[in-house]
Amino acid sequence: MLVITSAEDVTADLVISVLSERRVHVARVDPADIGPELMFYSCIGDHSPTWGGRLRTPSRDIVLENVWAVYYRRPSPWRFEGLEKQAREFAVAEARHGLSGLLYNLPNCRYVNHPTDIGRADFKIAQLQVAARFGLKIPRSLVTNDVTQARKFVSEPAIYKSFRGAPTAPEGNVAAIWTQRITPRDLDDSLSVTAQLFQEEVHKIADARVTVIGRAVFASSIITPDGALDWRSGDWDELLYEPIAVPEPIRDSLYEYLDHFGLVFGCFDFAIGAGNGSGQSPDSWTFIECNPNGQWGWLPDSNAMAEAFADVLLEGWDHE
């Protein structure tokens, strides 16, 4: 089994630990290590209709056609340190199409999740439309770079959220753009520079993180002691978690959502509204987004999730 991720990925460590306990041979690879620390070759033709070859790291020698499952997590960005800009851009493109092209097209291989499916499901535009298609309640939303349209939309209680968050600063510092309330007076013509996402504010009593792995569903309500609009913005050690039952219609819609994108796993975020059973009724659940390659290692039931990942990765594997 191949785990594609960075060396620092502690979430992947949980799954690798479970697989090792089940006596599964696991090879961990970060494509960004390409070079002397990661060598590979692969051939096709001469009566072979699929690519076959080997990938070698200091600790692993992997026969590519023998890889029967891939857990795709979070590989490092391509590095190619020391190359000037044009040469680096060329090396990145060639590595992406060459090495990644091989790793994304291993024959008869189960992917959790396939990176192309992750990419397709990563657009919030698609997420909201697909969620609504399968019966999930979504917030009224506007995507625009037109300040007039934006001012009209936010005349009612509304929030702004970024599509992808802030990029890493040149000195390596990580920044964040939290969801925030917005009013017409906050907007000016600078809005036209790029795309902006506005949504109606959902009045909630809690958030919910629902992690679906295969057909296993793990759900926790998340409550911020200070009632923050965005639970990610504060001290995560102060967040309050409680198990929450996912109404059956919501659960069924999540299965349909994942199947639509060809995903095995997804981390769904919901806002839980007051009234209507406070989470017991599907009407109190508002879909916010789904991260098709989200983090889950920090959640209270992460050990059970790691077992579920091992189950789906090993599905159909002949242990003999």
Side-chain angles (χ1 to χ4, degrees), residues 121-167 174-210 219-236 238-240 244 247 249-250 253-254 257 266-279 281-292 294-295:
D122 206 26
F123 290 91
K124 287 186 173 65
I125 301 292
Q127 293 178 16
L128 290 164
Q129 184 165 274
V130 172
R133 172 182 172 183
F134 292 121
L136 295 171
K137 182 180 177 182
I138 63 170
R140 190 171 65 95
S141 305
L142 171 72
V143 178
T144 188
N145 74 332
D146 185 326
V147 68
T148 301
Q149 295 299 319
R151 283 174 176 156
K152 289 179 182 177
F153 187 89
V154 304
S155 60
E156 300 292 332
I159 58 96
Y160 162 82
K161 64 190 303 182
S162 65
F163 286 104
R164 298 300 302 165
V174 178
I177 300 175
W178 308 121
T179 300
Q180 54 194 279
R181 294 182 176 91
I182 206 85
T183 66
R185 65 176 176 272
D186 297 318
L187 306 176
D188 58 36
D189 290 336
S190 65
L191 181 148
S192 66
V193 169
T194 192
Q196 319 283 342
L197 174 61
F198 303 96
Q199 294 181 313
E200 66 174 315
E201 181 176 350
V202 178
H203 298 288
K204 61 186 180 181
I205 58 172
D207 293 273
R209 168 59 67 94
V210 183
S220 296
S221 67
I222 305 174
I223 300 173
T224 57
D226 59 357
L229 178 65
D230 190 332
W231 59 264
R232 302 168 301 170
S233 63
D235 185 347
W236 286 26
E238 295 182 358
L239 296 175
L240 304 176
I244 187 171
I250 301 290
S253 294
L254 300 186
Y257 180 104
C267 291
F268 294 86
D269 288 324
F270 285 87
I272 307 298
N276 294 321
S278 299
S281 167
D283 291 340
S284 63
W285 289 65
T286 300
F287 172 92
I288 303 301
E289 63 185 15
C290 173
N291 190 328
Q295 300 282 21

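Note that the structure is predicted; figures quoted are calculated from it, not measured.
Taking the six-membered ring where the residue is Trp, Y257 and F268 present perpendicular rings, their angle passing 60° and hence far from 30°.
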CA sep, side-chain torsions, deciding dist, call: D230, Q180, side-chain contact (heavy atoms from CB on, under 4.5 Å): CA-CA 8 Å; D230 190 332; Q180 54 194 279; over 6 Å; no
Working for side-chain contact (heavy atoms from CB on, under 4.5 Å), residues E201 and L229: CA-CA 9 Å; E201 181 176 350; L229 178 65; 4.0 Å; yes
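Across every non-hydrogen atom of L142 and A150, the tightest pair is CD2-CA, 3.9 Å. Considering every non-hydrogen atom in both D122 and P292, the closest pair reads OD1-CD, 3.8 Å. In terms of heavy-atom proximity, S281 sits nearest to P247 at C-CG, 4.2 Å. Across T194 and N145, no two heavy atoms sit closer than the pair O-CB, 3.3 Å. In plain terms, the two heavy atoms of L254 and L136 that are nearest each other are CD2-CD1, 4.0 Å. Shortest non-hydrogen contact noted between S192 and D189 is OG-O, 3.0 Å.
With rounding to the nearest 0.5 Å, the separation of NE2 in H203 from CD1 in I205 is 13.5 Å. Atom-to-atom distance recorded for L187:CG and K152:NZ is 13.5 Å, nearest 0.5 angstrom. The OG atom of S220 sits 12.0 Å away from atom CG of L240, with the distance rounded to the nearest 0.5 Å.
Proximity of Q295 to C267: side-chain heavy atoms (C-beta onward) are nowhere separated by under 4.5 Å. With contacts defined as side-chain heavy-atom distances shorter than 4.5 Å, the pair I272/D207 does not qualify. A heavy-atom distance below 4.5 Å is not found between the side chains of K137 and W285. Looking only at side-chain heavy atoms (C-beta outward), D186 and R181 stay at 4.5 Å or farther from each other. Counting only heavy atoms from C-beta outward, the side chains of I138 and Q199 never approach each other to under 4.5 Å. Side-chain contact between Y160 and I177 is present, with at least one heavy-atom pair separated by less than 4.5 Å. In this structure, K161 and I288 have side chains that are in contact, with non-hydrogen atoms separated by less than 4.5 Å. Looking at F163 and I125, their side chains come closer than 4.5 Å, going by heavy atoms from C-beta outward.
A donor-acceptor distance shorter than 3.5 angstrom exists from the side chain of Q196 to the backbone of L191, with no hydrogens or angles considered. Proximity of a side-chain donor or acceptor of T224 to a complementary backbone N or O of W231 within less than 3.5 Å is not detected. Put simply, the side chain of R209 never gets that close to the backbone of I222: no donor and acceptor are under 3.5 Å apart. In this structure, the side chain of Q127 does not engage the main chain of E289 through any donor-acceptor pair within 3.5 Å.
Within 6.0 Å of the CD atom in Q129, the count of heavy atoms belonging to other residues, nucleotides or ligands does not exceed 12. F123 CZ: 12 or fewer foreign heavy atoms inside a 6.0 Å radius.
Side-chain contact of S190 with D188: a donor-acceptor pair under 3.5 Å is present, judged by distance alone.
Classification of E156 and R140 as a salt-bridged pair fails, no side-chain N sitting under 4.0 Å from a carboxylate O.
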